[in-house]
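Working notes for the structure below.
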Amino acid sequence: MELICPICNAMVAYLFKCPTCGNQMENAGAIQDFFDDYSTYLPMSITQRIDDAAYDQCVHVFHCNQCNHDKRISIDKVTI
Ligand SMILES: [Zn+2]
Ligand SMILES: [Zn+2]
């Protein structure tokens, strides 16, 4: 058995509406990918507390192209 994130593995697509403007937000990727490659470009609101993420959750960043709102969503990993 293995714990995997269903979004990272393209098993499901999550759709979220932007809480600010109602536009559909895009999955910008898992936060650990951001942290590896782009951490210097991210605001503190995204990079802070990454260590608090539960081991059985994958935190994704959803981005609204319309108003540039970013939202973090904790995705429960599933066992396969
Ligand atoms: Zn993921
Ligand atoms: Zn928006």
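Both counts, for ligands and for their atoms, begin at 1 and track the order of listing.
Taking backbone and side-chain atoms together, Cys67 has an N/O/S atom less than 2.8 Å away from the Zn ion (ligand 2).
Our summary of the site lists the angle at the Zn ion (ligand 2) between SG of Cys64 and SG of Cys21 as 100°, to the nearest 10 degrees. Considering the Zn ion (ligand 1) as centre, the angle to NE2 of His60 and to SG of Cys5 is 100° (10° rounding).
Taking every heavy atom of both residues into account, His63 and Ala28 meet most closely at CB-CB, 4.3 Å. Closest approach of Gln57 and Lys77 over heavy atoms only: O-CE, 3.7 Å.
For Asn27 (side chain) and Gly29 (main-chain N/O), a donor-acceptor pair under 3.5 Å exists by modelled atom type.
Contact check for Asp56 versus Asp76: no side-chain heavy atoms found under the 4.5 Å cut-off.
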